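I have placed the structure first, in the form of structure tokens, so that the comments after it can refer back to it.
Chain A is the first sequence line, chain B the second, and so forth, proteins listed ahead of strands; every chain is numbered from 1. Because the structure is a prediction, the values reported are computed rather than measured.
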Amino acid sequence: MATEAKFLLPDLESEDAAPFWAGTARGELLVQACGACGRWRFPPRPMCPYCRSVETKWEAASGNATIWSYVVPHPPLLPAYAELAPYNVIVVALDDDPKIRMVGNLLASPEGAINEIDPASIVIGEPVRVVFQQIDDVAIPRWVRK
Amino acid sequence: MSGIKDRVAIVGIGQTAFGKGLEDTELSLACQAISMALDDCGIAPSEVDGTASFTMELNREVDIARNVGFGDVTFFSQVGYGGGAGCGTILHAAMAVATGQCNVAVAWRARKRASKASRPWAQTPQRIDDQWQWSRPFGLGRPVDEVAMLMRRYMHQYGGTRDHLANVALAFRKHANRNPNATMYDRPLTREQYMEARWISEPLCLFDNCLETDGALATVLVSADRAKDLPQKPAFVHSAAQGLPPQHQTMINYFNDDPLLGPSWAAADQLWRESDFKPADVKCAQIYDAFSPLIPLSLEGYGFCERGEGAEFTNDGALEWPDGRLPTNTAGGGMSEAYVHGFNLVLEGVRQMRGTSTSQVENADTCLVTSGEGVPTSALLLRN
Ligand SMILES: [Zn+2]
């Protein structure tokens with residue numbers, strides 16, 4: 001008997017993050033950059049910690065990255081995630097700037113689920129590229145092997 | 001006036017029973033622990049004029065004060081960041097006493113796992129507008145997942161193994177097996193049981209996790225002068241510090257230059273700067289252990305070994321009473337005594353200074369107590 005299991009999703013109106021999610025909706029992985037010194041930062045925030053400028057712009061990342069670490073959660077989990085467990089969660093480091101890391105999942109294919117990769121096959125350092133999966137009104141960035 | 005070194009002491013301690021589904025309310029548990037701590041040092045509740053607790057503590061000062069019967073309270077403080085707060089409450093209370101903002105300070109923590117605040121991760125709204133939007137939608141939902149991510153990276157970078165984490169779990173369980181108040185008092189743990197346990201978040205298994213506990217603990221702090229006239233041997237606050245490093249993100253600290261350099265490092269700098277002791281002088285420690293990986297990370301942060309050596313440090317029974325290099329969590333810690341947001345570690349530190357631990361370290365003249373690694377944290381060096 002299936003209750004409607006819901007994935008957690010970002011609030012697309014989040015003050016500092018709205019441009020990021022607008023980007024994923026267009027198939028772009030955007031990173032916030034300082035409007036003054038140009039350095040990238042993630043997660044987005046109003047002030048540049050390097051030069052204190054509040055001018056911001058958004059720049060497209062290449063979408064190429066490497067796996068920095070990963071875990072394989074097992075229950076107890078929220079229902080939507082428990083149904084898929086065990087699945088993988090990865091942290092990737094962007095090729096454009098390896099200090100910019102994002103949490104995601106490794107998929108077998110762009111349409112795949114987060115539990116299709118054999119966790120024993122995941123290697124820290126392996127190259128991946130971004131894909132976007134639509135869940136409700138959100139385009140979630142996830143990753144496939146290159 | 002310079003610093004707080006040895007100017008304030010913990011003179012009273014009290015704790016309720018630990019358990020699951022305790023009948024008393026959180027407020028009742030808090031009041032009982034505070035009442036016992038006051039009786040322990042023979043101070044009347046009407047003398048209490050300072051308080052410190054966690055921002056996550058659900059019992060407000062006003063409710064504690066009108067139940068236990070405090071007088072005019074002139075200092076009340078709350079410290080943030082969950083498990084990072086414990087030693088910080090002692091620091092705030094000690095600073096308040098040392099500077100004359102109050103004379104008798106109470107610091108406490110009470111918690112029931114059934115209460116709303118016990119499993120904050122399960123309360124995440126479906127639409128997330130804060131820092132958790134960068135991790136939880138992907139199924140990185142619980143603190144154990146967040147710490148497991150760092151541990152996997154640690155294993156890759158430094159070669160730590162599950163055997164090292166088992167060293168941690170087994171050492172604390174042995175100590176709990178000597179402590180009749182510990183949840184796991186009569187439950188021994190073998191390496192085989194550890195290795196065969198179910199996964200919670202690979203690479204972490206069930207026994208890498210702390211317990212979920214109902215209970216309350218409290219301490220009473222007064223000036224060193226006043227402490228001389230009280231019945232219990234004082235545990236002096238020799239040094240204490242909070243720690244929030246640059247570019248830190250609480251629990252999901254993957255976004256700074258060096259995620260394995262946690263808040264311990266920031267707290268340790270200040271802690272040792274103000275201390276007459278060095279890490280090599282410390283004969284016992286109570287290290288925050290919501291999850292086993294926090295032990296190697298904290299051992300490195302507080303300077304007991306070099307970076308990347310924290311896992312190796314746990315070999316050869318180094319954390320075990322009585323013969324280890326650094327008997328750690330001598331009452332069983334969060335993993336085997338009780339998980340009351342690490343506040344039970346403070347009380348065990350005090351017992352080591354009194355000489356009343358069930359795994360008493362011989363000639364222990366100082367004890368390190370730490371709060372959560374991976375969150376803005378705090379630490380405490382007690383001496384007798
Ligand atoms: Zn800038």
Report task. Could you check if a side-chain atom of B:Gln133 sits within less than 4.5 angstrom of a side-chain atom of A:Asp11, using non-hydrogen atoms only? Result ->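 B:Gln133 does not reach A:Asp11 side chain to side chain.
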Among the options [options], pick out the one with the most heavy-atom pairs lying under 4.5 Å from chain B.
options: A:Leu78, A:Leu77, A:Asn88, A:Ile90; answer: A:Leu77
options: A:Lys99, A:Arg41, A:Met102, A:Glu15; answer: A:Lys99
options: A:Ile100, A:Leu12, A:Asp137; answer: A:Asp137

More than 12 heavy atoms of other residues, nucleotides or ligands under 6.0 Å from [atom1] of [X]: is that the case?
X: A:Arg39; atom1: CZ; answer: no
X: A:Arg26; atom1: CZ; answer: yes
X: A:Glu55; atom1: CD; answer: no
X: A:Glu13; atom1: CD; answer: no
X: B:Arg307; atom1: CZ; answer: yes

Query - Candidate pair A:Val103 and B:Glu146, rule side chain to side chain contact (heavy atoms under 4.5 Å, CB included), full reasoning - result: CA-CA 10 Å; A:Val103 179; B:Glu146 294 154 357; over 6 Å; no
Query raised in the report: Is any residue of residues 242-255 of chain B within less than 4.5 Å of chain A by heavy atoms, and which ones?
Result: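 Only B:Gln247, B:Gln249, B:Tyr254, B:Phe255 of residues 242-255 of chain B have a heavy atom under 4.5 Å from chain A.
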Query raised in the report: Considering heavy atoms only, which positions within residues 192-205 of chain B lie below 4.5 Å of chain A?
Result: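 Only B:Arg198, B:Trp199, B:Ile200, B:Ser201, B:Glu202 of residues 192-205 of chain B have a heavy atom under 4.5 Å from chain A.
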Report task. Check whether NZ of the Lys or CZ of the Arg A:Arg142 lies under 6.0 Å from the centre of the six-membered ring of B:Phe138 and within 45 degrees of that ring's axis. Result ->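 Pair A:Arg142/B:Phe138 does not count as cation-pi.
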Nearest heavy-atom neighbours spanning [X] and [Y]:
X: B:Pro137; Y: A:Tyr81; answer: O-OH, 2.8 Å
X: B:Met149; Y: A:Val89; answer: CE-O, 3.5 Å
X: B:Ile128; Y: A:Ser14; answer: O-OG, 3.9 Å

Side chain / backbone / both / neither for [X] at chain B, heavy atoms under 4.5 Å:
X: A:Ile124; answer: both
X: A:Pro141; answer: both
X: A:Asp136; answer: side chain

Requested in this report: Examine distances only and state if a side-chain atom of A:Ser69 and a backbone atom of B:Leu150 form a donor-acceptor pair shorter than 3.5 Å.
Outcome: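 Answer holds: no.
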Return the [atom1] to [atom2] distance between [X] and [Y], rounded to the nearest 0.5 Å.
X: A:Asp16; Y: B:Asp129; atom1: CG; atom2: CG; value: 10.5 Å
X: B:Arg136; Y: A:Leu8; atom1: CZ; atom2: CG; value: 8.0 Å
X: A:Arg101; Y: B:Asp257; atom1: CZ; atom2: CG; value: 7.5 Å
X: A:Arg45; Y: B:Gln131; atom1: CZ; atom2: CD; value: 11.5 Å
X: B:Leu140; Y: A:Tyr87; atom1: CG; atom2: OH; value: 7.5 Å
X: B:Arg152; Y: A:Ile67; atom1: CZ; atom2: CD1; value: 11.0 Å

**Report entry** Engaged part of B:Arg142 at the chain A interface, taking heavy atoms whose separation is under 4.5 Å
**Finding:**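 Only the side chain of B:Arg142 comes within 4.5 Å of chain A.
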